[in-house]
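Quick notes on the structure that follows.
Convention: sequence-line order gives letters A, B, ...; per-chain numbering from 1. Heavy-atom basis, side chains included; hydrogens, waters and symmetry copies ignored.
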There are 2 protein chains.
Amino acid sequence: MNLKQLSEKLGLSQTTVSRALNGYPEVNEETRRRVVEAARQYDYRPNARAKGLATGRAMAIGHVIPISAKFEIVNPIFADFIAGAGESYSKAGYDMLISVVRNDDEERVYRDMKSKGNVDGVIVHSPRLNDSRIGQLHEIGLPFLVHGRSSGCDIGYSWIDVNNRRAFERATRFLLDLGHRRIALLNGPEMMDFAIRRRAGFENALHDAGIDPDPALMHSAEMTEGFGHRAATEALALPEPPTAFLVASILIAIGVRRAIEESHLTMGRDISVVTYDDDLSYLRNGDDIPIFTAVRSSVREAGRLAAEMLLSAIADPGLPHLDRLLEAELTVGQSTGPVAVRS
Amino acid sequence: MNLKQLSEKLGLSQTTVSRALNGYPEVNEETRRRVVEAARQYDYRPNARAKGLATGRAMAIGHVIPISAKFEIVNPIFADFIAGAGESYSKAGYDMLISVVRNDDEERVYRDMKSKGNVDGVIVHSPRLNDSRIGQLHEIGLPFLVHGRSSGCDIGYSWIDVNNRRAFERATRFLLDLGHRRIALLNGPEMMDFAIRRRAGFENALHDAGIDPDPALMHSAEMTEGFGHRAATEALALPEPPTAFLVASILIAIGVRRAIEESHLTMGRDISVVTYDDDLSYLRNGDDIPIFTAVRSSVREAGRLAAEMLLSAIADPGLPHLDRLLEAELTVGQSTGPVAVRS
DNA sequence: GACGATTCTCAAAGCGCTTTGGCAGACCGA
DNA sequence: TCGGTCTGCCAAAGCGCTTTGAGAATCGTC
């Protein structure tokens, strides 16, 4: 059933039916009622492509999710971010287009999207230091919003981010207050902007306490259980092992816990662990009491907000850049305690 | 740059330029060369909506991913499945449209997609027992492929699935061969078809060994770390605790391991664990030697194949239903051993 | 040199919608 | 009664592409 057929059934012109359905004022309320009723009855839904062609709007947002070229890893936060964004989109009648892409040809994908015209805007994931994509998107002229920020990028852009520096500063200070002095940092990949900020927060807090960060205790890699296990095993074997770990994701923390237990130590007593927690739906930090002491911010909520912000930026292109900084909350779990007395 | 402008630049008609770019035979090779070169130079890419409108094909596939209404959980396998499917799509020039949807109004989404015409087919995720979506999609007339199967559904349909029954049968038999007699099953939600098949495999193997499955040792829930921990803690506190666990995902297994360690037991010595492993990129089962003994099948590979199969079904609608049954492989890790002697 | 076959190119219709510009009729005040 | 303003509706153009049906140009053949 298309518009033409529907209008014939109603004995009205396509114009009137279209206007009636799209809420234009210049149509009799009684006529509108009839039209809406008929549309419902015949299960009429306008063809998205035709509508898009006529209006110039695609009613869709693109997400380009990069795959780490080396490790082929898909960041597990995407599932939840996308679930959050999807909620906002479906409320607004937008679709979500996803491209999974090897890092190297992201620009091509953006240009494709622009010229193929199948999206009205994009969400940029996993920004790196001084990320070139931001400049490219500006030049291409595709509205976008960055999930995260890109330090060193001097062009204005819209973003939503967690205050990563502050979160890690607080987490580090929390460990310092418990008496820990040798704290290991298991960070995400440090070409990523969020990892750089987290490291800065960690180092700030140490400096404020008069401690020099020890490079031997700082590691950076893809955030997997394996990384946590490997790095923690090595660290615990050092002549002067750390008494605490600050790690960038629950998966890393789980690996650290495994290493701690393999060393016949007890987490929370012998070794403390604080983790960043994205509050993923399938990887909750304990049901009632948290397993890990954590700085937490819901990535799903971030997805919801990111989508809303981008949509409003698209709806009103005159708007200045939008941004939003979320604060992570520090929740105390069973994985931390005062520093153990050296035996 | 659109077709009209390009053809004016070339001094050719839109027809000729279109045919040249789409590889039609009735165009001079020299002309085609000129056209292709100009298209490259001006970075011309046909507008997807206009093309779709003209051809009736959307060049996009929809994925409807359901959110568990009760727990709001997004199954973590989606990230990898979609990464796999995405590879096949981009090779074929297709886009991927994702709808995240509360279980209840999936049918509406399918009808929307059909009448809005923004996809050429859909992948159906997480089929349940006698899943009503299969009948609906048949009726709607939207090509589809099911990731999994739906027992009790008597309509023909295309699918790709892992031999879940066989995988769990083998895993159970493996434990039986090690002398285990009390084996706990921590299964996925048993309204899901894969969970039903896994349970059947488990029970088959037990029956064959002359053992009656003990309902007190069988649990079914969303596959989270928390579930594994909770269920294992309870099971280990039974008067007659299990000596082994067979679980449906690595996340569950991680929870089980936590419970085992909290009980001051050793996994692989006191208690054996076998898990199903989807081979998720961010949740590898150990780097070199597997942590858990596991039956493994890559969900990413399944995504790749699913996409290919659906595309070929769409390309050739006359084809009979396609199906593909993948076998999981059993790899032995550190989490299993002969049954411990009762002390 | 005429003619059909072949090769290349084109104008125009059509995909399903929105939107511009306009037209008939009702209504009102003068 | 007449001109003007609203109200409610419509015909037709246009979005950017594909595809049909046909015409011009070239060629080989008798």
Which residues in residues 46-57 of chain B have a heavy atom closer than 4.0 Å to any atom of DNA chain C?
B/Leu53, B/Ala54
Short of 4.0 Å, heavy atom to strand atom, which residues of residues 5-14 of chain B count as contacting DNA chain C?
B/Gly11, B/Leu12, B/Ser13
Just by distance, with hydrogens left out, do A/Thr15 and A/Ser18 show a side-chain donor and acceptor under 3.5 Å apart?
no
Taking five pairs at each end, how big is the angle between the two axes of the helix from C/dG1-D/dC30 to C/dA30-D/dT1, to 10°?
60°
Check A/Val36, A/Val35, A/Asn28 against A/Arg32 for a side chain to side chain contact (heavy atoms under 4.5 Å, CB included) and give me the one that passes.
A/Val36
Its 5'-most and 3'-most nucleotides having an atom under 4.0 Å from a non-hydrogen atom of chain B, DNA chain C is contacted over C/dC8 to C/dG16
For the residue pair B/His138 and B/Phe144, does the interplanar ring angle fall in the parallel (under 30°), tilted (30 to 60°) or perpendicular (over 60°) class?
perpendicular
Angle class for the A/His63/A/Tyr89 ring planes (parallel below 30°, perpendicular above 60°, tilted otherwise)?
perpendicular
Using atom types as modelled, flag every donor-acceptor pair under 3.5 Å from a side chain in residues 113-124 of chain B to any protein atom, sequence neighbours excluded.
from, atom 1, to, atom 2, distance (Å)
B/Lys114, NZ, B/Gly141, O, 3.2
B/Ser115, OG, A/Arg45, NE, 3.2
B/Ser115, OG, B/Arg111, O, 2.9
B/Asn118, ND2, A/Asp95, OD2, 2.7
B/Asp120, OD1, B/Ala58, N, 2.7
B/Asp120, OD2, B/Ala58, N, 3.2
B/Asp120, OD2, B/Met59, N, 2.7

Sequence neighbours excluded, which residues qualify as side chain to side chain contact (heavy atoms under 4.5 Å, CB included) partners of [X]?
X	answer
B/Pro46	B/Tyr44, B/Lys51
B/Tyr42	B/Met1, B/Leu6, B/Lys9, B/Ala38
B/Ser132	B/Gln136
B/Ala83	A/Ile67, A/Val74, A/Val100, B/Arg300

Any side-chain heavy-atom pair from A/Leu326 and A/Asp161 closer than 4.5 angstrom?
no
Which side chain to side chain donor-acceptor pair (under 3.5 Å) pairs, counting each pair once, include a residue from residues 303-316 of chain B, with sequence neighbours left out?
B/Glu87-B/Arg304, B/Glu301-B/Arg304
Is B/Arg40 paired with B/Glu37 through a side-chain N to carboxylate O contact shorter than 4.0 Å?
yes
Do the side chains of A/Arg133 and A/Glu106 get close enough for a salt bridge, i.e. N-O under 4.0 angstrom?
yes
Donor-acceptor contact present, side-chain B/Asp105 to main-chain B/Arg108, <3.5 Å
no
Please identify each residue that fulfils side-chain hydrogen bond (donor to acceptor under 3.5 Å, both in side chains) with A/Asn75, with sequence neighbours left out.
none
Nucleic acid contacts of residues 21-34 of chain B, taken as heavy-atom distances under 4.0 Å to DNA chain D:
B/Asn22, B/Tyr24
